[in-house]
Amino acid sequence: MTETNRNTTWQRLDAALQDIPGGGQILQEMRTVYGPDMTPEQGIYWLSESGFSTAAWQKKHLELGETQKAAKEETRLQAINAALDSLQNS
């Protein structure tokens, strides 16, 4: 993958997540894992795995009656979905 394509991947993610609550945290986590060399495929994989984990935590919080924690997980899921959409629809 060329440097231009890698930059475009990050640009798409930045644009998709700039106004989404929790989006900055998702971007920071992805940059920590992949640095500047992330491909769209790697991003999709990471986001998918993170989404499954987040959904499981949300379910657990709901089962325990922890609605505020479940709401935070929902915010994270919305950011993850926005990021996935930006990478899958390119």
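Below, all heavy atoms of this structure are taken into account, side chains as well, without hydrogens, waters or symmetry copies. Throughout, numbering of the chain's residues begins at 1 and tracks the sequence.
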Trainee: For Glu29, give me all partners under salt bridge (Lys or Arg N to Asp or Glu O under 4.0 Å), at least two apart in sequence or on another chain.
Mentor: Arg76
Trainee: Using a 4.5 Å cut-off on heavy atoms from C-beta on, say whether the side chain of Pro40 contacts that of Arg12.
Mentor: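 In short, these two side chains touch, coming nearer than 4.5 Å.
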Trainee: Enumerate the salt bridge (charged side-chain N to carboxylate O under 4.0 Å, His left out) contacts for residues 17-28, please, sequence neighbours excluded, ordered by first and then second residue.
Mentor: none
Trainee: Answer yes or no: is there a donor N or O on one side and an acceptor on the other, between the side chain of Thr54 and the main chain of Ser50, under 3.5 Å?
Mentor: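 Confirmed, Thr54 side chain pairs with Ser50 backbone.
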Trainee: Under a 4.5 Å side-chain heavy-atom rule over Ile, Leu, Val, Met, Phe, Trp and Tyr, are Leu77 and Leu13 clustered together?
Mentor: no
Trainee: Given 3.5 Å as the limit, does a donor-acceptor pair link the side chain of Ser86 with the main chain of Ala83, or not?
Mentor: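 Side chain of Ser86 to backbone of Ala83: a pair is present.
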Trainee: Just how far is it from atom CG of Leu47 to atom CG of Leu87, taken to the nearest 0.5 Å?
Mentor: 6.5 Å
Trainee: Tell me the ring pair (Phe, Tyr, Trp, His ring centres under 6.0 Å) pairs involving residues 57-83, sequence neighbours left out?
Mentor: Trp57-His61
Trainee: Using the test side chain to side chain donor-acceptor pair (under 3.5 Å), find all partners of Gln58 that sit at least two apart in sequence or belong to another chain.
Mentor: Glu74
Trainee: Is Trp10 close to Arg31 at the side-chain level, that is, under 4.5 Å between some pair of heavy atoms?
Mentor: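 Arg31 reaches Trp10 side chain to side chain.
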Trainee: Asn81: which residues meet the side chain to side chain donor-acceptor pair (under 3.5 Å) condition with it, sequence neighbours left out?
Mentor: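 With sequence neighbours excluded, Asn81 shows a side chain to side chain donor-acceptor pair (under 3.5 Å) to no residue whatsoever.
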Trainee: Looking at every non-hydrogen atom in both residues, tell me the closest pair between Leu17 and Ala79 and how far apart they are.
Mentor: CD2-O, 3.2 Å
Trainee: Supply the atom-to-atom distance Glu66 CD to Glu73 CD, rounded to the nearest 0.5 angstrom.
Mentor: 10.0 Å
Trainee: Following the transitive rule for hydrophobic clusters with a side-chain heavy-atom cut-off under 4.5 Å over Ile, Leu, Val, Met, Phe, Trp and Tyr, establish whether Trp46 and Phe52 coincide in one cluster.
Mentor: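 No: no chain of side-chain contacts under 4.5 Å links Trp46 to Phe52.
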Trainee: Looking at residues at least two apart in the chain, or sitting in another chain, which of them share a side chain to side chain donor-acceptor pair (under 3.5 Å) with Gln42?
Mentor: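 Scan of Gln42 (side chain to side chain donor-acceptor pair (under 3.5 Å), adjacent residues dropped) gives Thr39.
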Trainee: Would you say CD of Gln68 has more than 12 non-hydrogen atoms from neighbouring residues, nucleotides or ligands within 6.0 angstrom?
Mentor: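 Open: at most 12 neighbouring heavy atoms sit under 6.0 Å from CD of Gln68.
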Trainee: Can you tell me how far apart CG (Leu27) and OG1 (Thr32) are? Round to the nearest 0.5 Å.
Mentor: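 It is 10.5 Å, given to the nearest 0.5 Å.
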Trainee: Kindly work out whether a path of hydrophobic side-chain contacts (I/L/V/M/F/W/Y, heavy atoms less than 4.5 Å apart) joins Val33 to Leu84.
Mentor: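 Yes, same cluster.
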Trainee: Working to the nearest 0.5 Å, report the span between NZ of Lys59 and CG of Leu62.
Mentor: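 Spacing of NZ (Lys59) from CG (Leu62) equals 10.0 Å.
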